[in-house]
Every structure is written in C-alpha cells, then in structure tokens.
Amino acid sequence: MLWIPCPTCGRRPVEEYRFGGELRGVPDRITDPIERDVDYVWMFDNVAGVTTERWFHQAGCRRWLTVRRDTTTDTVLG
Amino acid sequence: MPALETLPGLRIVASPEALDAAPWSAGTVVLRFAPDDAFAIGATAVDIADDHAIVAEESGFVGRWLTREELDDRLVTHIEWPLPTALPALAQGLIAGVPAKLWLTTDRVLLLCAAAYAAELADRLG
Amino acid sequence: MNEFVERRLTLRWQQAKRAYDVVIVGGGGHGLATAYYLAARHGITNVAVVEAGYIGAGNSGRNTTIIRANYGIPEAVRFYQHSLELYQTLEDELDCWMMYTTKGIIWLAHTETAMRAERARSLLNLACGAETVMLTPQEVKALCPQLDLSGGGRYPVLGASYHPAAATARHDRVVWAYAQGAMRLGVHVLQHTRVTGLLRDGARVTGVETSAGPISAGQVLSAVGGNVSTLAAYADVRLPIRTHPLQAFVTNDYEQAFQPILSDTELLCYVSQTERGQMLIGAEFDAQPSYSLKSSFSFLQSSAAKAMHLLPFLRNLRVLRQWTGICDISADFSPILGETGVEGFLVTTGWGTWGFKAIPAGGELMAELIASGRTPPLLEPFRLDRFASDQTMADPGSTGTH
Ligand SMILES: Cc1cc2nc3c(=O)[nH]c(=O)nc-3n(C[C@H](O)[C@H](O)[C@H](O)COP(=O)(O)OP(=O)(O)OC[C@H]3O[C@@H](n4cnc5c(N)ncnc54)[C@H](O)[C@@H]3O)c2cc1C
Ligand SMILES: [Zn+2]
C-alpha cells in the first residue's frame, strides 16, 4: 500500500489523500502555440518511473503537498 | 460511545509567525490544523499580528474528552497510522475511515471531528 | 500459458525473422485479434506479435470478462454492439469453445438522478441497436432474488436499466483462440521478447528494437495496454493517457446460481458469478496512476463493504484471490485507435478498464485500417486527433470499470 508523508501530519495511507495530478511541462520540441495548448490541456507524461506530483491531504491538514513517487513500485521517495 | 458535543471556539487563518506569537489566555487548547490554520477551543477573542488574518467564530466541530484507557480500548484498533509519542500533540487523519482529530495529552485525549461526520463516526466506533 | 493448455491448442512457435510487413507490440487480446484479422480478412500474414512476457499476461488475462454494449454516447454504443455481435459468433469463427454465456446486466439506480440517467441510457441504446430496458424494483428482484432491495437500509433500489445481451467469456481462451487462429495462418507470435525502443528513419518508425535484437517493419502497431505511454514516447508521440491499477477479487464457491451481472454505478462496484461458482467482484480503479501490480487491503475492504450492502449472502463467503492489472485510461474515457501523426506508427489504446469486450471489433477494424490505410467509419470518432480538434468522446459514466 502507498504511504505518503505529510509535513504537517506525518506518514499516512493513500486513502487520506486526493490525487492532484503530475507536475509537468510541455516538451520543448513542441513549438506551435496551438499544439502546446493541446498538449497542456490533454496530454500526460504518465511516466513509468519517478514522477513529481501534487497531493491534497483531505482527511488531515487539508493542505497541498508536492511528492516524488516511483510509479513502478508505488513508493514515495524521500 | 456517548454523543460528541459541539466545541465552540475561534478559527484563525494567519501567517505561521503570527500564529506562533499569538497571546492565548492561559489554559486555552489551541489545535494547529496546519501551519497557517488554528482552532482555539473556547476562545472568544485574540490579538493576531497579521493584517490579513481571518478570525471567525467556529461552531463546526464536535468532540469529547476520553481517558487514555478509552483511547487504547476503543479507538486504537480503528487507527491505521502511528500515534505521536511526544505529548501534547495533535494527530489528524482517518479514524474508522472518517476524517477526525485527536488532541493527545499525558492524562487525557480529545476526540473531535467536523459536525457533519459526527453521526457516522459515532456509529462506526459503536 | 502452461504446457497442458499448449498441447490442447495448435500453437506453432516460430523463430523471429529480421523483417515483417507489420509488427504488433503486445500479445494481449487487441494485438492478437488484429493479427488474426490481418491474416484472415486481408491475407496479410507476414506479421509478428511481439510479447514481453507470455500471451495474455496483461489485462486480457486479468479482467472480469464482461461483454456489453450499453454505453452512453452513440459512437460507443454502435462500436460495442458490433463487438458484441462478433463475440456471439466467435466460437464458430475460431473453432474454439470460449465459454461465452449470455447473462444480462442490471445497472441499479438508488436516486432519481440515477433513474433519469438510466432512462436516457436505455433510450439511447435502443436507438443505436443495443437493447436496454427499464426495470421496476420487483422486476429486478425477480431476476436477482439475492438482492436486498433496501440496499442494507442505505442504498434503496429505485429501479434499474437492463441490457439482456450482456455476457461473459473465458478471457484466456479468447486470447489463445486468437493466437491459434493467427498462427495457423502464418503469423509469428514471439513470446518473452520485450520491445525496448523503436527504429526510426527521420520521424518515420521503421521497426522495433527488442531484447532479441532489431526487427524492421512496414508498420508498427502499439497494443501494449497500460505501458503505452512508454512505447509512444520512443516515437515522440504524446498521449492523453494515464495508467491506473484496477483490482478485482473472487470468493470461494457460492452453491446457488447467481444468474445476472449486477452493476452499481453509484456504489461503483459490480458482481457476477464465474463458471466455477465463485463470486467475482470488481470496483473503481485506484486513484493514483501507477504501474505497480500490488493489490491493497483497503480495496478489498471498501469493495466488499459496498457489495455486501446489495448482496448480504456475500458475508458468508471467503476471499480466495485478489489481483491487479494496469489500465490505459484516456482523458475522455473512450478508446484511441489509429494513426498517431508519426508515419509507420499506430496505436490501439485507451481501453482502460473496459476493453475486453472490444477485442473482436478493435482487432477487426484496426486490421482494416492497417490493410487499407483508411479509417473505418466505426473507428473515425476514436482517432487520436480528436483531442486537438475539440471533438472528444466523453463517456465516463458508461465505463463503470467493466
Ligand atoms: C481487474 C480488471 C477487470 C477488468 N474487467 C473488464 C470487464 O469486465 N470487461 C471489459 O471489457 N474489460 C475489462 N477490463 C479491461 C480489459 O482487460 C482491457 O481493456 C483489455 O484486456 C486490454 O487488452 P489489450 O490487448 O489492449 O492489453 P493487454 O491485455 O494488457 O496486453 C498488453 C500486452 O502487451 C505486453 N507488453 C507491454 N509492454 C511491452 C513491450 N515493451 N514489449 C512487448 N510487449 C509488451 C504486455 O505484457 C501485455 O501482454 C478489466 C481490466 C482489469 C485489470
Ligand atoms: Zn496533512
């Protein structure tokens, strides 16, 4: 099971959180402004590996946090 | 589990420094929900050194004081995460699957939750 | 796949060649069905299916096998109805018993809002050729006597929509039958061969890099389920896909017959009985994207609690097995098939938690697209470029994770 450390509340199971999406940029190789918008709105990196993402501690302090997670093992990195 | 009762108080959202420095009257229990968010049980006024602070009467929480034994006997099996050992401390998270909070002191414990969840929490704790 | 099964099928494993007309990455239902229809309908047999593990190792061997066409938008209903009709004759076409059983699916409604949604769904389904009718609580009870109409006092049943053609089929038999059908016609299926990159000539994709060396190809189709973003990234193709785990579990045998498939979109769980008599229970997918196949206790706990509101007899059964698959869920909850903007590289993806029922139609229509170079009308709405042109096919309420 996935445990996520909250700086205010401590280490908690994933059920206490809401997933807020990956933090990502639009790849530099996409230069057309409209294509960049499409990418920003619809596309995901969906990385198999380490990703940086936002989580909301809904059942605790109700604050957003940024988490680095390995999606292949579902573990949070320090 | 006897009913949880309304806990009137003040809710203050302000800069962490202003909350750290706030002059609470002696004996007031102040729960720091987040660095910038505090709930002062029973308080009616406070002087906060932050021009942008929001200070409002809070009547949305219900709670009940328990003994440490009641905590061990009735609550601990419903809590998946480790309780803090350095006391006093606020602990918040799911208890029996309901968002709730504990104010832990050496001799007693306050269980509290948002009023909307009170019936469900009491029901699940049996 | 074990030796026992292999001896009963005629699967002739081949040595990899250096080049094929078409290389399909991923030996799940969609990859194998596409290979079969390329050979059977279009005479294109110089085809390889490259599979990292064993065929059916992905979601095609992990799903809860529900086949139905009661979707929420016309484009989807027509597509899934076509797939359901192909399934109905598939045992004959592939000469293989797949345990295809028509059961009917009941979608429960507990609120007036849900009743309105189900009424709208059934009218839309009817108009698009997929029979769906509304049932009263008493009619639901007659079809499913074990159901507690009070929903444990908490989720009262106000009614349901009912789609009588819904069915189940043995999932690995579907996979093996398509593999056998394709291999008999000369298709190569290369197991334990992982694709690790794509060969490029400029932007064009000209083949695959594999754990057993490079293989060149006229066209490459990605049919890798939850791993699609990694594969597409080799071709610099961006996808509106997130990979989420979906779990399910079975109990020990329930000695009575449980006829229909019971689904609840408000509680987000569904229940059916396997041919062996076990109760099979599924629920919503995990909230965070992940490639991990770990199952969780909290899933078991929450989905068991939901199902027991409806079916109190489940209390007396034991959990036998729980498992996970990783699902390619698209941003509009509809599949994505066809061209990617990169020459020589196509995808069949976005099958998410509901693509088992789509295997025959997905395979048949992808094969037609590869063979003819033209997108068949049933696939037209599901092109990748719909996101750029603001013509998304939003259908989140119909997928119901099964
Ligand atoms: C628990 C669960 C329940 C479900 N219930 C239903 C249901 O009731 N009804 C329904 O219609 N759908 C259901 N689904 C969804 C359905 O299973 C999938 O949508 C469908 O099986 C997808 O088939 P596929 O061929 O696209 O992918 P998969 O079957 O996942 O096949 C992809 C294959 O690609 C291989 N692969 C991956 N990467 C590589 C690589 N780099 N190189 C080579 N090979 C690679 C994998 O090993 C795998 O075998 C469920 C899914 C799950 C997990
Ligand atoms: Zn927190």
Side-chain angles (χ1 to χ4, degrees), chain A residues 1-28 36-37 39-78, chain B residues 11-17 19-20 30-40 54 56 58 60-63 75-104 110-118 120-121 124-125:
Chain A
M1 176 159 69
L2 176 57
W3 287 76
I4 299 169
C6 168
T8 306
C9 309
R11 197 168 159 270
R12 292 308 158 83
V14 64
E15 288 74 40
E16 294 197 359
Y17 295 88
R18 258 192 106 86
F19 178 66
E22 63 185 24
L23 280 180
R24 79 208 136 90
V26 177
D28 288 340
R36 288 188 70 82
D37 286 352
D39 193 278
Y40 182 78
V41 172
W42 291 111
M43 305 304 165
F44 300 109
D45 292 342
N46 195 30
V47 175
V50 178
T51 130
T52 305
E53 53 201 16
R54 297 285 280 164
W55 287 82
F56 179 63
H57 194 192
Q58 189 170 33
C61 59
R62 303 187 63 82
R63 290 296 178 277
W64 285 93
L65 45 149
T66 302
V67 169
R68 267 164 36 90
R69 182 171 62 99
D70 185 337
T71 59
T72 58
T73 55
D74 225 2
T75 45
V76 170
L77 309 175
Chain B
R11 186 78 175 266
I12 306 100
V13 177
S15 72
E17 302 73 38
L19 282 175
D20 288 344
V30 182
L31 307 180
R32 233 4 214 279
F33 292 167
D36 57 355
D37 183 0
F39 175 41
I54 300 168
E58 174 66 87
F61 285 94
V62 295
L75 284 186
V76 165
T77 54
H78 295 285
I79 302 174
E80 277 186 62
W81 31 274
L83 289 173
T85 44
L87 302 182
L90 174 72
Q92 28 185 7
L94 290 179
I95 299 180
V98 177
K101 304 174 196 294
L102 293 170
W103 172 246
L104 299 143
L110 178 66
L111 166 69
L112 69 159
C113 72
Y117 302 148
E120 183 67 27
L121 181 63
R124 293 193 189 193
L125 294 177

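Residue numbers begin at 1 in each chain, while the letters A, B, ... track the order of the sequences. Model, not experiment: these values are computed from the prediction.
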No hydrogens needed, just list the donor-acceptor pairs between chain B and chain A under 3.5 Å.
residue, atom, partner, partner atom, Å
B:Asp36, OD1, A:Arg63, NE, 3.1
B:Asp36, OD1, A:Arg63, NH2, 2.9
B:Trp81, NE1, A:Glu16, OE2, 3.0
B:Gln92, O, A:Arg12, NH1, 2.2
B:Leu94, N, A:Glu16, OE2, 2.7

Let's test your reading of the structure: which of B:Pro99, B:Ala100, B:Ala114 forms the most heavy-atom pairs below 4.5 Å with chain A?
B:Pro99

For B:Pro84, give me all partners under side chain to side chain contact (heavy atoms under 4.5 Å, CB included), at least two apart in sequence or on another chain.
B:Ala89, B:Ala91, B:Leu104

